[in-house]
Novice: 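Dropping a structure here in structure tokens format, bear with me for questions.
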Amino acid sequence: MQDYQMGVIESRFADLIWENEPISSTELSRRCEELLSWKKSTTYTVLKRLCEKGIFQNNKGTVTSVISRQEFYAVQSEKFVEETFHGSLPAFLTAFTARKSLTPEEVETLRRMVAEYEEGR
Amino acid sequence: MEAVFLKVLNMSITASWIVLAVMAARLLLKKAPKWITVLMWGLVGIRLVCPISLESAFSLIPSAEPVPSSIIYANTPVIHSGISQVNDLVNPIISESLAPAVGAHVNPMQTVTFIASIIWLVGMAGMLLYTAVSYLRIRRNVREAIPSQENIWLCDHVDTPFILGVLRPRIFLPSAMGEQDQKFVIAHEQAHLKRHDHFWKPLGFVLLTIYWFNPLLWIAYILLCRDIELACDEKVIRELGAENKASYSNALINCSVPRKMLAACPLAFGEGSVKGRVKSVLNYKKPGFWIILVAVISCVAVAVCFLPNPTHASDPDTPTVSQPVNYYTLDASNGLDVYVWEMAEHSYSFGVLPHSETPRHWLSSELMSLRGADVNEMRQILASYDLGEKDIHIIPWQNPYSSYIAGPWIVGEDGTPAEAMEEYILSVKELLFSDDPSISDPANSFMVFDVDGDGKEELCTLTFSPPKSSLTSGMQIIRFCATEPGAEQPKYVSVYWGDYYYLSLVKCEDGVVRVMAIDQETPRRTHMFDISITDGVVRLTKKGQEIGAYIQPENHDMFIYTPKPSDADGEGVFTMSAAEVDANGVVLKRCEITLEITKKGGKISRSGMEFTIFECAVSFSGINDPFLTHLLTCSHFDIDTAWLFGGLGYIPAKNDSDSIVLYMDGEQKNCLIEINQNDRFFVASTDPDFDPAAVYKSLSEKLSDRLTYS
């Protein structure tokens, strides 16, 4: 469902919907033809699949999202950290910063996030 | 269909030899560039694709046709694998358990072959189904691919890069592949395209679907795939340079797929043993001149030794299927092998060949083409050679199956007969070598009396023998011979073609010697024929009717009837264009037939019709068919079954043996030949542009009108 792993191309397709919703299915297939060289039937097949996974919905020819992009990738990230770092965010950050150090801006964003979180508690 | 299956079976067996050779060569040529190995697999492919092959003395293939196509007709089925140990192992088993019973209509070997062909087709269908299903699955997946550059596409949900398509091949890459890896993968796949692997590999798989039953070919295919990948890796490194070896290996590792993809279509990047490929890439060095030379020579050697078929022995004294042996001009320096077969009780036929240490090395078809000589002829033949009895070896032989000789192979590999045959051989030897004429052939009768009333008594013999190829009763050759004592040549020789049996000369109560004969009715009746001399020729008659059709004494190999009235002169040679047709008159293959009518004989009454007898010889050319050629070059036609009609009429063969029936139209222009009662048809015409279907139609129509045999 929400933890469905999308392939690179599927993600592009999903982004197309997220960036342009609500979008008619005909318009969507036209864009897919343009951007991805997909046949109409292919567009509908992929759309149907993602609808079955509960990410999008097709109401009488209008395509809208069920989960927002942010929500979707949040679940993905959570799963990733869970699987790779046993759910430990510090472990993830260590790994993340081991290869490239955080920019001052990123540090600032992080500090604010932590502060907000503590305030909320 | 069985013929197709046998051809496929034989091709796969001969291909197996070249597979083994290539596998051996591969091991020796580990250091050589892999594209040469792939080329060698190409040779295997050639063997599997081409049904015909040249012959060469250099060929190392043991046998061109291990399972002869005539095996389903043979009375003693045997294989010629080219390896005597295999032959000795298999042949006794199949000859005994799969030989047809005498008089049986169905040959067990044919049933076995039929079932095997069905299994083969089912297997092939299964393979094709699997291919179709996996191909469709991949097609479904790549519908969602997006183009990247030129013929390169990106695709979700695929584990490994691959190529799809034969005419317009496309490279598919997993969408998640890193750029660094992409570079090498694309180079690899493009190398595949440059080598046309996207064509060779599916072709190999197609061959595998046909030859699926041969495990060696599966091994060959797996090795072929492996070698193609290695050859491709080598090509990439050659072009990108040794400095890229490490990165390329990384790409290989990153893209490696644990499961094997045996499906025909895509050339998958990560397939095969990654460890092996990485090792090979890292160790790759540009091959030196000598290595390449050795590899090319090996390749050529494999091609020369395994692509062509072995030649047949072409000793002029060795009988080939199409040429009858001349028994008077054999090379007897090592002695002679006399083959004897017993057609009906005490009716022997003989053939003779130069002695061979292993008499069984003659092919079945070669032995079957031996012309049968009767006892007297063989005595004459043997007498013409200056050989002692110990140099003449008697070999009882089943040609065709005879219940008078037990077992198919009565002689061991080295020529020593089985013990059970000792007695039989002794009796045959007596026939051939004894000086006592009375035991030369039990089927005779003799008496000394004055036949022509000149006051001198003549030694008269009466012999009868069935025509040399018949198995059962039918027309017989009845010969009456009268010789004055001390004379070298007989005074009277009369030969008849009749259907009486068990003839003997008897002195009747009134003191007159007559011929007693038994007919073939049910129940059998006895007849007495008077012996008289008319125009210097002995005639055997009963109430004016002759015992049979009177004919010329020599060359009575084949006889043909015509019904009366006939305008046919009955002389001449007819070379005719011919075609083999199926039961609907559709042409199967072309050939030529020569009919040579050499003598016109007497008349005979049969089934209420009167016939004139002709003597003729039939030969076929353009047909490479051992069974048919055997029938014809035996040059013995059962009189029941060889009919040539000046008008048209038909009398079916009475027996179940192999038979040929000829129907010729009144103007002797067109002819229809039927083999084994509707088994095969040939039409022939003196007009080279004839239409086989039309001739077949018109002749067979006329025949069905007259099919009133009772």
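Reminder, nothing fancy here: chain letters follow the sequence lines and each chain counts from 1.
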Novice: Counting only heavy atoms not in B:Trp200, do more than 12 fall under 6.0 Å of its CH2?
Specialist: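 Atom CH2 in B:Trp200 is not packed in, count stays at 12 or less.
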Novice: Please rank B:Glu144, B:Arg143, B:His157 by heavy-atom pairs under 4.5 Å with chain A and give me the top one.
Specialist: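 Of B:Glu144, B:Arg143, B:His157, B:Glu144 has the most heavy-atom pairs under 4.5 Å with chain A.
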Novice: Quick one: CE on A:Met6 to OG on B:Ser175, what's the gap to the nearest 0.5 Å?
Specialist: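 A:Met6 CE to B:Ser175 OG: 12.0 Å, rounded to 0.5 Å.
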Novice: Do the side chains of B:Asp156 and A:Val8 get nearer than 4.5 Å, heavy atoms only?
Specialist: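 In contact.
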Novice: Does CZ belonging to A:Arg12 count more than 12 external heavy atoms closer than 6.0 Å?
Specialist: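 Atom CZ in A:Arg12 is not crowded, with 12 or fewer foreign heavy atoms closer than 6.0 Å.
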Novice: Non-hydrogen atoms of chain B under 4.5 Å away: do they reach the side chain of A:Thr43, the backbone, both or neither?
Specialist: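 Neither part.
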Novice: For atom CD of B:Glu243, is the number of surrounding heavy atoms from other residues, nucleotides or ligands below 6.0 Å larger than 12?
Specialist: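 Above 12, so yes.
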Novice: Please assess B:Ile146 against A:Ser37 for the test side chain to side chain contact (heavy atoms under 4.5 Å, CB included), listing each intermediate value before the final yes or no.
Specialist: CA-CA 6 Å; B:Ile146 59 173; A:Ser37 304; 5.9 Å; no
Novice: Got a sec: does the CZ of B:Arg139 have more than 12 other heavy atoms crowding it under 6.0 Å?
Specialist: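 12 or below, so no.
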